[in-house]
Asker: 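Just passing along the structure, written as structure tokens.
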Amino acid sequence: MNVIRTENLAKTYRGGTVALKGLDLEVNAAEVFGFIGPNGAGKSTTIQLLLNFIRPSEGKAFMFGQPVHETQHRARLGYLPESINIHTYYTGASLLRYYARLAGLPSTQAKQRVEELLELAGLEDVAKKKVSKYSKGMTQRLGLAQAMLSDPELLILDEPTSNLDPVGRREFRDIVLELKKRGKTVFISSHILAELGTVCDRVAILQRGELKRLEDLRTWDDASDRTLEELFFEVIDQNGDQK
């Protein structure tokens, strides 16, 4: 069963800038899907279209079989944006409790869920510290925790490891693999290719708004000794971008 599906999805911005051209894509349930490409490839535009933040110029997008402009599927979705803007005057724990109330979690369930996520994100020791005192990596992990508050079936993560140090990236990888064990679907847009290669089942490579390659890493790893980074540059070089 597919969780995300697009049909000829396209976006041209005012002024004639073409950001996405006829994207046909399916993301299956319980898989980790990587979405990669150079700057300006159309990754962020695709995510905004999937979340119905902007409307397509052509084509359609669906989540859980519903058009993305409908609202029933929103409770099944968690989202971590590339740039996190959160209230810094809360502590980490109190901020997650606040978001839990907004999500409609009962108080007893919310308390337990917040404790679980603080542990999962490695933030127990700073749970009572104000977010304004957090490092960029701590803030990123707090953002990931809020995206998981309602225990969503689908997580969309936009550059989730961009502010994490090597230890934080390893912890992120472990979190994603644990989510996969639990049957969650994780859609990751990232330029940290080494990280994606260790967690993704499949990857899509975009360039200049077009899907250039869709690769199943589960079978590709067995047939090739190349890294994901080598595959990426092979595709990009073939289609005219510079390293």
Side-chain angles (χ1 to χ4, degrees), residues 2-6 8-11 17-28 30-51 59 61 79-83 136-137 140 144 154-177 179-180 184-243:
N2 61 69
V3 174
I4 295 173
R5 177 166 56 89
T6 69
N8 194 37
L9 192 64
K11 180 64 178 179
T17 300
V18 179
L20 195 64
K21 306 174 186 177
L23 178 65
D24 292 315
L25 192 68
E26 289 190 4
V27 177
N28 299 319
E31 76 170 335
V32 180
F33 191 92
F35 201 55
I36 61 179
N39 290 337
K43 303 187 301 298
S44 294
T45 294
T46 302
I47 288 177
Q48 291 176 33
L49 289 166
L50 292 174
L51 297 172
Y79 169 54
L80 175 65
E82 180 178 1
S83 299
K136 289 182 178 180
Q140 193 82 354
L144 180 59
L154 167 65
L155 276 163
I156 295 181
L157 310 178
D158 194 359
E159 299 292 352
T161 63
S162 59
N163 290 317
L164 300 182
D165 61 19
V167 173
R169 288 176 182 170
R170 183 179 64 182
E171 291 171 346
F172 167 79
R173 178 196 64 201
D174 293 341
I175 291 170
V176 170
L177 292 175
L179 290 170
K180 182 182 174 183
K184 308 298 182 184
T185 306
V186 187
F187 182 94
I188 309 173
S189 173
S190 178
H191 66 279
I192 311 294
L193 300 182
E195 295 302 320
L196 292 184
T198 62
V199 299
C200 289
D201 297 306
R202 294 190 297 148
V203 295
I205 300 177
L206 258 67
Q207 184 182 28
R208 301 190 188 112
E210 294 186 72
L211 178 62
K212 297 297 185 181
R213 184 79 168 258
L214 185 63
E215 192 69 57
D216 190 329
L217 298 185
R218 293 162 296 190
T219 55
W220 180 75
D221 282 345
D222 295 334
S224 173
D225 58 1
R226 292 173 298 166
T227 65
L228 178 58
E229 184 175 85
E230 289 171 330
L231 171 66
F232 174 79
F233 282 118
E234 174 187 303
V235 172
I236 297 306
D237 288 346
Q238 285 175 353
N239 290 282
D241 272 10
Q242 298 298 314
K243 293 186 181 181

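Quantities reported herein were computed from a predicted structural model and do not represent experimental measurements. Start at 1 with the first residue, then count along the sequence.
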Asker: Identify the two heavy atoms, one from Leu196 and one from Gly34, that lie closest to each other, and give their separation to 0.1 Å.
Answerer: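 Closest pair (atom of Leu196, atom of Gly34, distance): CD1-CA, 4.5 Å.
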
Asker: Check Leu155, Leu179, Val3, Asn28 against Thr185 for a side-chain contact (heavy atoms from CB on, under 4.5 Å) and give me the one that passes.
Answerer: Val3

Asker: Quick one: pull up CD in Glu26 and CG in Leu214 and give me the separation to the nearest 0.5 Å.
Answerer: 10.0 Å

Asker: Distance-only, no hydrogens or angles: does the Glu230 side chain make a donor-acceptor pair with backbone N or O of Thr227 under 3.5 Å?
Answerer: yes

Asker: To the closest 0.5 Å, what do you measure between CZ (Phe33) and CG (Leu217)?
Answerer: 10.0 Å

Asker: Find the distance between NZ (Lys184) and CD1 (Ile175) and round it off to the nearest 0.5 Å.
Answerer: 14.5 Å

Asker: Please tell me if the side chains of Leu231 and Arg213 come closer than 4.5 Å, counting only heavy atoms from C-beta onward.
Answerer: yes

Asker: Identify the heavy atoms of Leu9 and Thr6 that sit nearest to each other, and give their distance.
Answerer: CD2-CG2, 3.8 Å

Asker: As an exercise, state the distance from CD of Gln140 to CG of Asp165, rounded to the nearest 0.5 Å.
Answerer: 11.5 Å

Asker: Answer yes or no: is there a donor N or O on one side and an acceptor on the other, between the side chain of Glu159 and the main chain of Ser83, under 3.5 Å?
Answerer: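 Not a single qualifying donor-acceptor pair exists.
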
Asker: Check whether any side-chain N or O of Asp216 sits under 3.5 Å from a backbone N or O of Arg202 as a donor-acceptor pair, and report yes or no.
Answerer: no

Asker: Ignoring hydrogens and angles, tell me if any N or O in the side chain of Lys43 forms a donor-acceptor pair with the backbone of Gly37 under 3.5 Å.
Answerer: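 Looks like yes, one N/O pair under 3.5 Å.
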
Asker: Got Asp158 and Pro81 here, is their nearest side-chain heavy-atom distance under 4.5 Å?
Answerer: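 No - every pair of side-chain heavy atoms lies 4.5 Å or more apart.
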
Asker: Write down the atom of Leu164, the atom of Arg169, and the distance for their closest heavy-atom approach.
Answerer: O-NE, 3.2 Å

Asker: Please confirm whether the backbone N or O of Val27 pairs with a side-chain atom of Asn2, one donor and one acceptor, at under 3.5 Å?
Answerer: no

Asker: Restricting to non-hydrogen atoms, name the atom on Arg208 and the atom on Lys21 that form the minimum distance, rounded to 0.1 Å.
Answerer: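 Minimum heavy-atom contact is O-CE, 3.5 Å.
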
Asker: Exactly one of Leu211, Ile205, Leu206, Ile188 should register a side-chain contact (heavy atoms from CB on, under 4.5 Å) with Phe35. Which one does?
Answerer: Leu206

Asker: To the nearest 0.5 angstrom, please state how far the CG atom of Leu50 sits from the OH atom of Tyr79.
Answerer: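 Result: 10.5 Å between the selected atoms.
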
Asker: Using 0.5 Å steps for rounding, measure from the CD atom of Gln207 to the CZ atom of Phe232.
Answerer: 8.0 Å

Asker: What heavy-atom pair brings Ser189 and Ile47 nearest, and what distance separates the two atoms?
Answerer: CB-CD1, 3.7 Å

Asker: Just wondering, do Ile4 and Leu25 contact through their side chains at under 4.5 Å, heavy atoms?
Answerer: no

Asker: Check Ser190 against Thr161 and note the closest heavy-atom contact, atom names and distance.
Answerer: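 Here Ser190 and Thr161 meet closest at OG-OG1, 4.2 Å.
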
